[in-house]
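Structure first, then comments.
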Amino acid sequence: MVNTRSVTKRALVIAAGFAFVVAGCSSSPASSGGAAGSAINSETITKVKAAGVLRVGYAPALPWLGQDPKTNEWFGPNDLLGRKLAEKLGVKLEAVIQTFDQLVPAVQAGTIDVALSPMFITEKRLAAIDMVPWTDSGTCYLIRKTETKIKAPADLNQDTVRITGFIGTGTTQQIEKAYPKAKLVLRQQAPGEEVNYIPVQQNDADAAPFDSPLAAVYTTQFPDLKVIPEDCLIKPDLPTAIGIGLKKGDKGLADYLAALIKELRPQIDEQLTKFSAPQYLKP
């Protein structure tokens, strides 16, 4: 199950300081239903209601967001937030499939209205867009069982260590900052791809990062690899808030999203538990 502990005070502050709920506000999702958007000073919501469509950027990554390959139907707490947001605003939901490096530019360019994917809140992202936190996670690593120079995440900060990963992801941004001595071996991420483990198996890289909810699955999935830190499901490396991306300065939408997250918290937690089951987290 994903770690759903409260995000740190710093994370809430750097998430632009606007993700709060005004108690008793008549324009909150809980109090005024689908017509709430008309009472909110939000450029994005105004445009969405005029168009009749909410365009959401979807980059799948379980347990937060998945897609059924048989039906192409989306599922997970990110999709729950998207569907409920569209329902509250009285518009249709349009899923725009993207990779994680495309989400921020799409929000900036206005080709999507919100980025509803499990995006780590990072300094680079906050320099370009605003983000509303709704849960948190961390990072674990797959390394070869025969590897002796890496016993803990701190050992990754060596100029002889090669860390594989994907271009433009929040995980890559964090690792680059936390372990500047390591060499990054990166490539584009395919939609739905969780971890770039093959270079580690082939000794073209030494460590492959992945999101901590997958630790229980990956611990038994690869007989030639091991997971560090050993207790990373409970105490992951680089614990970070996960947020929804939106255009800078749209405080009305930020407040509206924060209220919606509060309203849906029981359902969000239920779905995080459900989709953290092993059958959903296979590579």
Side-chain angles (χ1 to χ4, degrees), residues 1-5 29-30 34 48 53-103 106-107 112-121 131-140 166 169-171 189-195 210-218 221 233 236 240-246 256-283:
M1 175 180 174
V2 68
N3 182 1
T4 56
R5 64 188 181 281
V48 165
V53 176
L54 174 69
R55 301 164 302 169
V56 296
Y58 273 8
L62 286 166
W64 305 282
L65 181 63
Q67 187 177 31
D68 189 325
K70 296 180 180 179
T71 64
N72 291 326
E73 293 293 323
W74 294 94
F75 61 90
N78 271 122
D79 182 58
L80 170 69
L81 286 165
R83 288 187 287 104
K84 291 296 185 180
L85 178 59
E87 179 183 314
K88 296 288 187 181
L89 297 178
V91 298
K92 294 181 179 180
L93 179 71
E94 179 183 333
V96 182
I97 302 176
Q98 299 181 308
T99 56
F100 279 92
D101 60 323
Q102 296 173 328
L103 290 166
V107 171
I112 60 174
D113 301 306
V114 292
L116 263 170
S117 301
M119 301 173 65
F120 282 157
I121 297 178
M131 300 187 74
V132 179
W134 65 277
T135 187
D136 65 345
S137 184
T139 300
C140 308
F166 303 116
T169 66
T171 300
Q189 183 180 24
E193 190 174 15
E194 301 283 359
V195 58
F210 62 90
D211 296 327
S212 56
L214 296 160
V217 175
Y218 287 170
Q221 185 72 34
L233 183 62
T240 309
I242 291 175
I244 300 169
L246 62 151
Y256 193 86
L257 286 169
L260 181 63
I261 291 164
K262 181 178 181 180
E263 177 186 338
L264 296 177
R265 175 55 59 192
Q267 292 172 261
I268 289 171
D269 291 343
E270 180 183 356
Q271 291 212 354
L272 283 170
T273 300
K274 176 180 178 179
F275 295 118
S276 292
Q279 64 263 35
Y280 294 105
L281 299 181
K282 295 178 180 178

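Index from 1, following the sequence.
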Before you tell me yes or no, could you show the steps for Tyr256 and Val132 under side-chain contact (heavy atoms from CB on, under 4.5 Å), namely the whole-Å CA-CA distance, both residues' side-chain angles and the distance that decides it to 0.1 Å?
CA-CA 10 Å; Tyr256 193 86; Val132 179; over 6 Å; no

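- For the pair Trp64/Pro213, a side-chain contact is recorded, criterion being any heavy-atom separation below 4.5 Å from C-beta on.
- Taking CD of Glu194 as the reference point, atom CD of Gln189 lies at 7.5 Å (rounded to 0.5 Å).
- One distance of note links CG of Leu116 with CG of Leu85; it measures 7.0 Å at 0.5 Å rounding.
- Val107 has its side chain within reach of Ile112: a pair of non-hydrogen atoms, C-beta onward, lies under 4.5 Å apart.
- Residues Pro77 and Leu272 share a closest heavy-atom pair of CG-CD2, 3.7 Å.
- For Phe166 and Phe100, the ring centers sit 6.0 Å or farther from each other.
- Rounding to the nearest 0.5 Å places CG of Leu54 at 13.0 Å from NZ of Lys92.
- Nearest heavy atom pair, residue Val96 against residue Arg55, reads CG2-CB, 4.3 Å.
- Heavy-atom minimum distance, Leu65 versus Ser117: CD2-OG, 4.2 Å.
- The nearest pair of heavy atoms linking Gln98 to Pro60 is O-CD, 4.5 Å.
- Side-chain contact check for Lys84 versus Glu263: every heavy-atom pair is 4.5 Å or farther apart.
- Between Asn78 and Trp134, some side-chain heavy-atom pair lies under the 4.5 Å cut-off.
- For the atom pair CD1 of Ile244 and CD1 of Ile121, the computed distance is 9.5 Å after rounding to the nearest 0.5 Å.
- Of all heavy-atom pairs spanning Ala59 and Thr99, the tightest one is CB-C, 4.2 Å.
- Formation of a donor-acceptor pair under 3.5 Å by the Gln102 side chain with backbone atoms of Ala106 is not found in this model.
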Would you check, one step at a time, whether the test side-chain contact (heavy atoms from CB on, under 4.5 Å) holds for Phe75 with Leu62?
CA-CA 9 Å; Phe75 61 90; Leu62 286 166; 3.6 Å; yes

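- With a 6.0 Å radius and a threshold of 12 heavy atoms from other residues, nucleotides or ligands, Glu270 has its CD atom at or below the threshold.
- Note that OG1 of Thr240 is 8.5 Å distant from CG of Asp136, once rounded to the nearest 0.5 Å.
- Using a 4.5 Å heavy-atom cutoff, the side chains of Asp79 and Leu93 are in contact.
- By the 4.5 Å heavy-atom criterion applied to side chains, Leu214 and Val195 are not counted as neighbours.
- The shortest heavy-atom contact between Leu260 and Leu81 is CD2-O, 3.9 Å.
- Looking at Thr171, its side chain never comes within 3.5 Å of a backbone N or O of Phe210 through a donor-acceptor pair.
- Between Gln271 atom CD and Leu80 atom CG the span is 5.0 Å, to the nearest 0.5 Å.
- Proximity of Trp74 to Arg83: side-chain heavy atoms (C-beta onward) are nowhere separated by under 4.5 Å.
- Taking the side chain as every heavy atom from C-beta outward, Tyr58 and Pro191 never approach each other to under 4.5 Å.
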